[in-house]
Structure formats: C-alpha cells, structure tokens
Amino acid sequence: MPGKQPIGMSRRGVIRRTGLALAGVSASARTVPSGSASAAEAGPSRPAMEQGAPVTDHPYGVPSVFEKSVVRISGGKLPFPTAAHMLTPLQDLQGILTPNGLHYIRDHGGTPSIDPDRHRLLVHGMVDRPLSFGMDDLMRFPSVSRLHFLECSGNTPLYKSGKPDWSVQMTHGLLSCAEWTGVRLADVLAEAGVKPGAAWMLAEGADAALLTRSIPVTKALDDAMLAYAQNGERLRPEQGYPLRLLLPGYEGNTNIKWLRRLKLGDQPFETREETSRYSTLMPNGIARQFNFTMEVKSVITRPSPGYGPKQPGFCEITGLAWTGRGRIVRVEVSTDNGATWKDAKLQEPVLSKCLTRFRLPWVRDGGPAMLQSRATDETGAVQPTRESLLATRGRNYVYHYNAITTWRMDPSGETTLAL
Ligand SMILES: Nc1nc2c(c(=O)[nH]1)N[C@H]1C(S)=C(S)[C@@H](COP(=O)(O)O)O[C@H]1N2
Ligand SMILES: [Mo]
C-alpha cells in the first residue's frame, strides 16, 4: 500500500502522496500532509453567489480580514512611551521578505512626520566641499536596489533568561528583511570629497532622540546606502521616511533613520549610543565598543512556541538564517537536542547579508522532540550553543545574542522555549 510507505524526503514524494490522497486512495493521516477523502466527495467549496466587494474601495490594499492575527506586537513597555519596539511575526511569514506593514520598529523618540520636500541632508566635517542635499537631489543619483536583513542588536534577549511561552516573535522579532532602494553612500561622499585622514563618519537622525552613531569610513565607502524605498514603495514613516542610512550586516542601531547629517572626522565621536549604550561589559570588566557586525544566526520559525503541529506525521521544519558577514552556506537541523543533525535545504535566492529561508521535511513520530537549527556562514563561522556563548560573554552581556535556540515539543505537539 503506498499509504504505508515512509514519506520520501523529496518534494516529489510529498506531491505524489498528496495526489494519492486527493484521488481518494486512503493514505495514512499519520504520515502524510493529506487531504480528506470524504470531503473530496462533497466537491470544492461553493463559489460566491453574488458580486464581490468593489475593488475601488481599496486604492491601497490591506490583507484579508481573515489574517487579522498577523500583526506586530509590542516587545514590552519601556520607561518612556515613545521609546518603543514592535516585533515582526516571524512565525506567520513565508519566504524571506517582510511586508512593509510588519517590519519591526525600534524608535527611541517616537516616529517623526517629515515632509520630504523640506528634508535636507548635510554632509560636512573632513570633506573638500560641505554639501546639503534635498530629497530631489539625492534621487537624481544613480539608484541601487538590494535585499538585506535588519536586526536590532538587542534581539533575542536570552542572556539572563526567558519564558517558556515566548513565541519566536518575542525572541527573534526584532528582525526583518526588505529590498531597499536608494543611493550608494560612496557616490554621495565622492561629491563632497572625503579628506585624507577622515576615518569615521557621524550619522545623525532628525527624530527627537537625535540618534547619532560613529561609522567607520571604510563601511561608508563599501556597501552603505542612503535608502529612500523599501519593497518597492517609499520608506514607511517608522522605517525612517524619507531617508535612512542602511549599513548591510551592521547592528540595527547604526542604520540611522530620518537621516539629516553626516559628519566626517578622524576619530569616533563617542556619542551616548556608543558609550553608555550599544557597548557591553565582558565578564572581565572590559566593555566591548563598536561591535558592529551581526554574527551568524538562525531560528526555526515553524514549528515554534504556540505554533506546534496538531498531529503527528509529516511536519516541515522551516526557519531563517542570516549573517552580517556575507552568505549563509549551511543550516543544520536537529530534532534531538543536538545529538544528531541533518542538512536543511536552503531556498534560493541565498544572498549576502540577507535572510535565507531553510526547510527540512520531518516525520514526527509522536514522541517528545527538541528542535534546533545551526547556521554556518561563508567565513566558516558556526552559530554557537547557548552554553559556549554564555561561557565567553557571561549573563550580564546584553547585545548580539546569536546562540542556537531550542524549541521543546511535547508529544501533543505543544511547543515551548527551552533554555
Ligand atoms: N534616528 C533614529 N534612527 C534609528 C533609531 C531611532 O530611534 N532613531 N533606532 C535604531 C535602532 S535601535 C534600530 S534596531 C533600527 C530599527 O529600524 P526599524 O525601526 O526600521 O526596524 O533603527 C535604528 N535607527
Ligand atoms: Mo536596536
């Protein structure tokens, strides 16, 4: 009986089995993502008996009313109401792109409302010609579009502890990915002429937080962008409309939104965000500063806490992997707490400093399981275990948590965070 065969690891196998189920051949519901033969006899769902809603009601579309639960959630109350974070629902997303309305948000002083016609960017300091650019000026430069992830370095706050019922949205939701369009920063800096000896660039936002960071000029001249669009449309206000700095692979905080000023200098500017914040204390009492690059990391987005499979049998394990150092070359998945590993399939495209989707077909036998994913990037860096990360950084560390995450699944399919 075909229905008794163990499910094939190939996609064709899954399709073949599903096809059999549709043809009314009774397939074991325990091993196949099958349809229902009795429902098949009743035929397809009824067509609409009257005209649908007029499309002219939606000059700008919104998701189906049945997708109301797919929303950002707050990452918890911060002491000041406009210093807030909203988390991306990774468990509900497919592929690698984050829809603009679901991009994570981290604001230190609320979202300003900026008229693009009045917005200006000043480039000054150690340059041959200080220049001020309007949005029209910047949009006359040759444009580029590139897919990159953005991750807050405070994402995955698990150094001290975590709650078993934290969803992947809570643990990893300060992570999003978009196709960003803008201007190469190197092109704009060439107009101003960077003076020899200029090694650092101050970037400043026009929000009430006046967020400022020092960026190495080498990064500014490498792959940095002045972005004005995300996923085909102009930036959302929350993402920095009308202009943000995009530093692929660098910690989210350095990607200054509502960008108003770039100042070149020969030393870092030692702003608040790089002295008291975004630097952290090592166990030996020394603080790490200018910790820019987001290290190799991955997480299983389904199944995940609150989103476990309802029945045993076939269950695709899928998730995301990323690294600020380039491309992901490998993702391994374990269902037995790291005792054995299998290579997951990486979904094309696999791009540099971008989310990579991985998938592994799995047949759950109904026993307990401990699900983990472990990513490797093109520099050979392998995602560390929680134990090894804590051993080097200690529990007082705050940022850049990139350890392997474990989801505990009990026989009923209920899934929780395990630390
Ligand atoms: N001007 C300004 N830029 C900013 C911030 C801010 O509060 N003000 N927040 C930073 C932080 S901490 C992060 S993680 C990212 C978040 O970008 P997003 O809100 O578009 O996801 O923007 C960074 N750029
Ligand atoms: Mo952040």
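We count residues from 1, following the sequence as given. First listed ligand is number 1; within each ligand, the first listed atom is number 1.
Per-residue contacts place L150 under 4.0 angstrom from the following atoms of ligand 1 (heavy atoms of the residue considered): 17 (O), 21 (O). In the vicinity of G252, heavy-atom distances shorter than 4.0 Å reach the ligand 1 atoms 13 (C), 14 (S), 15 (C), 22 (O), 23 (C). Near D107, the atoms of ligand 1 lying under 4.0 angstrom from a non-hydrogen atom of the residue are 7 (O). For ligand 1 and Q239, the ligand atoms under 4.0 Å from any heavy atom of the residue are 18 (P), 19 (O), 20 (O), 21 (O). Near E238, meaning under 4.0 Å from one of its heavy atoms, ligand 1 places the atoms 19 (O), 20 (O). Near Y278, the atoms of ligand 1 lying under 4.0 angstrom from a non-hydrogen atom of the residue are 12 (S). Proximity to G205 (heavy-atom distance under 4.0 Å) selects the following atoms of ligand 1: 1 (N).
When heavy-atom distances to ligand 1 are checked against a 4.0 Å cut-off, H103 comes that close only through its side chain, counted from C-beta outward. At a heavy-atom cutoff of 4.0 Å, ligand 1 is contacted by the backbone of N255 but not by its side chain. At a heavy-atom cutoff of 4.0 Å, ligand 1 is contacted by both the backbone and the side chain of N253. Both the backbone and the side chain of C152 come within 4.0 Å of ligand 1, judged by heavy-atom distances.
The protein atom (non-hydrogen) at minimum distance from atom 3 (N) of ligand 1 is K257 N, 2.9 Å. Given atom 2 (C) of ligand 1, the protein heavy atom at minimum distance is D207 OD2, 3.4 Å.
Taking any N or O of R106, backbone or side chain, at least one lies under 3.5 Å from an N or O belonging to ligand 1. The shortest N/O to N/O separation between Y104 and ligand 1 falls below 3.5 Å.
E251 and N291 share no side-chain donor-acceptor pair at under 3.5 Å. Between the side chains of E295 and H400, not a single donor N or O lies within less than 3.5 Å of an accepting N or O. Side-chain atoms of R357 and T318 form a donor-acceptor pair, as typed in the model, at a separation below 3.5 Å. Under the 3.5 Å distance criterion, with hydrogens and angles disregarded, no donor-acceptor pair is assigned to the side chains of Y241 and Q230. Side-chain contact annotation: T301 with S304, donor-acceptor N/O pair under 3.5 Å absent.
Paired with E204 under the rule side chain to side chain donor-acceptor pair (under 3.5 Å), one option of R261, R213, K263 passes, and it is R261.
Both the sub-6.0 Å distance and the 45° axial angle are not jointly satisfied by K353 relative to the ring of F149.
Here atom 22 (O) of ligand 1 lies nearest to R244 when heavy atoms of R244, Q230, E251 are compared.
Classification of D223 and R146 as a salt-bridged pair fails, no side-chain N sitting under 4.0 Å from a carboxylate O. Salt bridge annotation for K195-D266: absent, with no cationic side-chain nitrogen under 4.0 angstrom from a carboxylate oxygen.
With contacts defined as side-chain heavy-atom distances shorter than 4.5 Å, the pair R244/Q239 qualifies.
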